[in-house]
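All chains are named by letter (A, B, ...) in the order of the sequence lines, taking the proteins before the strands, and each is independently numbered beginning at 1.
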Amino acid sequence: MNIWERFQHIDVRIIYVVLVVSIALPLLFPLNFPIEVSKETKGAYDVVDTLEPGDIIIMDSAYNPGSGPELYPPAVAIARHAFSKDVRIIGFNSWELGAQMMQRALDAAAADYGKEYGVDYIVLGYKRPLAATIRAAINDAWGAWKADINGTTFDNLPMMADFRSIKEDCHMIVVMNAGSPGAGNWVTYVGTPSQNPGPNNPDGFVRTIPIVVACVSVEISGAKASLQSGVYTGLVPGGRGGAEYELLINHPATGVGAMDAQSTGHLAIILFIILGNIGYLASRRSA
Amino acid sequence: MRKELPLIITFITALVCFVPTVFKVTETDVRAIIDKWFVVMESVMILMGVVNLTRVHGSNVRRRRVGWIASVVCLVTLYAYLLLGIYETAQGETFSWIYDNVLQPISTTISSLLVFYIASAAYRSFRVRSREAAVLLVAGVIVMLTTAPLGAMIWSGIPQIGKWIMDIPNTAARRAIGLGASLGGYAAMIRVLLGLERGHLGGSGA
């Protein structure tokens with residue numbers, strides 16, 4: 001076996017060590033690679049930018065801490081953008097472990113703009129079953145959700161006086177989406193216009209509420225189809241989208257910091273793939 | 001009647017939910033009632049999950065099966081965190097501390113470990129064994145470089161090609177898969193509706 005053929009059998013431990021170094025070093029010593037803002041992220045930013053002071057949006061934390069590195073930065077960035085426009089936020093949680101992530105993201109963004117819990121934002125916590133509570137909240141949010149994550153009833157949360165139903169009072173849905181359940185529920189029950197009157201929809205709910213989705217990288221391929229077809233109004237794609245959003249609001253943070261590591265990590269994987277193929281072609285030629 | 005009754009209930013329930021949505025006719029009060037039942041059923045399902053977990057792991061501990069210590073840890077964690085959450089609420093100091101310093105790092109670590117498996121798997125499996133494999137390899141590398149800022153630094157054309165791959169061939173394939181899955185879903189629903197699919201009754205199907 002010559003040196004070229006050996007590239008086909010690199011010890012997995014070497015791959016792991018190279019990966020650790022290639023990811024850790026740029027986090028410790030930033031390389032500051034330039035980040036170009038994509039059309040998708042700019043589009044999502046523009047959609048959020050259309051909100052007016054006093055509007056109320058729902059931000060759904062449909063992820064758990066495992067997806068935090070990709071979805072926490074856009075959550076904070078979008079919340080900052082909304083608060084900068086005096087938009088109020090209702091934190092919702094499609095995933096049981098997402099409640100604390102949403103609370104932390106909104107607290108961090110609120111601190112920058114002097115926003116107050118209960119007046120400018122609240123966190124609902126985890127409400128099951130998702131589909132049924134969303135359907136009910138379309139016409140009666142107070143009846144469907146009743147209280148926030150701390151058990152404080154809506155009577156004692158001043159901003160909820162202006163939010164009686166999704167149908168009348170919600171101006172946008174923003175979903176931090178790591179899978180299912182998540183954006184799908186909002187698309188099905190809120191984002192899709194329906195003219196069917198009924199107990200859950202007495203007047204024939206015809207208004208389409210914009211849905212902006214920030215998704216993890218593995219979801220991008222499916223999310224692109226939803227964006228192109230207009231199901232999603234805006235898309236913040238993956239960790240890179242979060243970094244781009246941070247740049248758009250002039251508040252670079254952890255999302256931008258992670259992009260150097262993503263670059264070098266991807267480069268390391270590509271180099272190993274190339275080396276493996278060199279070894280494969282060399283062994284085929286000698287055989 | 002043990003089989004017929006569940007089938008009749010399934011048929012009526014599916015019809016009540018399906019017809020108003022598809023044929024755009026007025027929803028009935030029954031649909032709203034089913035929604036409320038669903039809320040109750042979900043709560044019962046969570047309770048059943050806790051009871052089932054307790055039974056399975058309780059049995060492991062009683063019979064000292066292999067790994068019974070892990071079952072003890074599982075049960076203690078389940079009930080301790082549950083009681084703590086009820087006592088302190090989700091915003092409690094200790095509850096949040098455990099979430100921030102145990103649950104979150106563990107969850108993030110497990111997700112992060114995936115990168116090593118993916119890198120190792122990509123290295124071993126991405127070989128140019130055929131023309132199709134070569135196309136897959138090149139497309140994969142371009143998309144990887146597109147999602148990282150480094151791609152544009154190497155060559156400004158990389159993000160444009162990567163975007164084309166994601167916007168055109170990828171989206172076309174995703175839509176085709178989505179349509180196929182949806183049609184399959186409809187077929188499965190009609191089978192359940194007509195009683196041809198009986199897996200949910202505990203049997204082996206038609």
Chemist: Is it the backbone or the side chain of B/R124 that comes under 4.5 Å from a heavy atom of chain A, or both, or neither?
Modeler: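 No part of B/R124 comes within 4.5 Å of chain A.
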
Chemist: Output the distance between atom CG (B/L103) and atom CG (A/N64), rounded to the nearest 0.5 Å.
Modeler: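 B/L103 atom CG to A/N64 atom CG measures 8.5 Å (nearest 0.5 Å).
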
Chemist: Count the heavy atoms belonging to other residues, nucleotides or ligands that lie under 6.0 Å from CD of A/E36, then report whether that count exceeds 12.
Modeler: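 It does not: A/E36 CD has 12 such atoms or fewer within range.
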
Chemist: Under 4.5 Å, heavy atom to heavy atom: which of residues 138-151 of chain B reach chain A? Give them by number, or say none.
Modeler: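 The list, in residue order, reads B/V141, B/M144, B/L145, B/T146, B/T147, B/A148, B/P149, B/L150.
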
Chemist: So what's closer than 4.5 Å to chain B heavy atoms on A/S229: side chain, backbone, both or neither?
Modeler: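 For A/S229, the contact with chain B is made by backbone and side chain together.
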
Chemist: Please classify the contact between A/V20 and chain B as side chain, backbone, both or neither, with a heavy-atom cut-off of under 4.5 Å.
Modeler: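 Contact with chain B is through both the backbone and side chain of A/V20.
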
Chemist: Do you know which of A/S221, A/A131, A/G151 has the most heavy-atom pairs with chain B at a distance under 4.5 angstrom?
Modeler: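 Of the candidates given, the most pairs with chain B belong to A/S221.
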
Chemist: I want to check something: taking the side chain as every heavy atom from C-beta on, are A/N277 and B/L137 in contact at a cut-off of under 4.5 Å?
Modeler: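 Yes, close enough: below the 4.5 Å cut-off.
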
Chemist: If I take atom OG1 from residue B/T108 and atom OH from residue A/Y72, how far apart are they, to the nearest 0.5 angstrom?
Modeler: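 Here the rounded value is 12.5 Å.
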
Chemist: Dump the intermediate steps for side chain to side chain contact (heavy atoms under 4.5 Å, CB included) on A/Y16 and B/S120, then the final yes or no.
Modeler: CA-CA 8 Å; A/Y16 290 172; B/S120 168; 4.1 Å; yes

Chemist: Is A/L97 in contact with chain B via its backbone, its side chain, both, or neither, using a 4.5 Å heavy-atom distance?
Modeler: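 Both the backbone and the side chain of A/L97 come within 4.5 Å of chain B.
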
Chemist: Count the heavy-atom pairs under 4.5 Å between each of A/L267, A/I10, A/I269 and chain B, then report the option with the highest count.
Modeler: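 Of A/L267, A/I10, A/I269, A/I10 has the most heavy-atom pairs under 4.5 Å with chain B.
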
Chemist: A/I149, A/L281, A/I274, A/T264: which one forms the most heavy-atom pairs within less than 4.5 Å of chain B?
Modeler: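 Result: the option with the highest number of such pairs is A/I149.
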
Chemist: Looking only at atom types and distance, does a side-chain atom of B/Y123 sit under 3.5 Å from a main-chain N or O of A/L275, one as donor and one as acceptor?
Modeler: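 No.
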
Chemist: Report which part of A/P69 has an atom under 4.5 Å of a heavy atom belonging to chain B: side chain, backbone, both, or neither.
Modeler: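 Just its side chain gets close to chain B.
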
Chemist: Check whether B/F116 gets within reach of chain A through its side chain, its backbone, both or neither, counting any heavy atom under 4.5 Å.
Modeler: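 For B/F116, the contact with chain A is made by backbone and side chain together.
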
Chemist: Taking atom CD of B/E88 as the centre, report whether more than 12 heavy atoms of other residues, nucleotides or ligands fall under 6.0 Å from it.
Modeler: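 For B/E88, atom CD is crowded (more than 12 foreign heavy atoms under 6.0 Å).
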
Chemist: If you count every heavy atom of other residues, nucleotides or ligands that lies below 6.0 Å from B/M48 atom CE, does the total exceed 12?
Modeler: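 No, because the 6.0 Å sphere around CE of B/M48 holds 12 heavy atoms or fewer from other groups.
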
Chemist: Find the distance between CZ (B/F126) and CD1 (A/I270) and round it off to the nearest 0.5 Å.
Modeler: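 The CD1 atom of A/I270 is 10.0 Å from CZ of B/F126, to the nearest 0.5 Å.
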
Chemist: Answer with side chain, backbone, both or neither: which region of B/L114 has an atom nearer than 4.5 Å to a non-hydrogen atom of chain A?
Modeler: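 No part of B/L114 comes within 4.5 Å of chain A.
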
Chemist: What's the separation between atom NZ in A/K224 and atom CZ in B/R175, rounded to the nearest 0.5 Å?
Modeler: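 Reported to 0.5 Å precision, the distance equals 12.0 Å.
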
Chemist: Select one option (side chain, backbone, both, neither) describing which atoms of A/Q103 are under 4.5 Å from chain B's heavy atoms.
Modeler: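 Side chain only.
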
Chemist: Mind ranking A/G239, A/G279, A/G276 by heavy-atom pairs under 4.5 Å with chain B and telling me who comes out on top?
Modeler: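 Top option by heavy-atom pairs under 4.5 Å: A/G276.
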
Chemist: Of all of A/S38, A/G238, A/G66, which one pairs up most often with chain B through heavy atoms under 4.5 Å apart?
Modeler: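 Greatest number of close heavy-atom pairs with chain B: A/G66.
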
Chemist: Can you name the nearest heavy-atom pair linking B/D167 to A/Q228, along with the distance?
Modeler: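 Heavy-atom minimum between the residues: O-NE2, 3.0 Å.
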
Chemist: For a quick test of reading the model, state the closest non-hydrogen atom pair linking B/M153 to A/P34 and the distance between them.
Modeler: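 Residues B/M153 and A/P34, closest heavy atoms: SD-CD, 3.6 Å.
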
Chemist: Among B/K163, B/M41, B/M166, B/R129, single out the residue with the greatest number of heavy-atom pairs under 4.5 Å to chain A.
Modeler: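 With the most close heavy-atom pairs to chain A, the winner is B/R129.
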
Chemist: Compare all side-chain heavy atoms of B/Q104 with those of A/Q100 and state whether any distance is below 4.5 angstrom.
Modeler: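 Contact flag for B/Q104/A/Q100 side chains = no.
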
Chemist: Got more than 12 heavy atoms from elsewhere within 6.0 Å of OH, B/Y79?
Modeler: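 Yes, OH of B/Y79 has more than 12 neighbouring heavy atoms, counting only those of other groups under 6.0 Å.
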
Chemist: Could you measure the distance from the OG atom of B/S125 to the CD1 atom of A/I273? Nearest 0.5 Å is fine.
Modeler: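 Result: 7.5 Å between the selected atoms.
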
Chemist: About how many Å separate CG of A/L227 and OG1 of B/T171, when rounded to the nearest 0.5 Å?
Modeler: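 Going from the OG1 atom of B/T171 to the CG atom of A/L227 covers 9.0 Å.
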
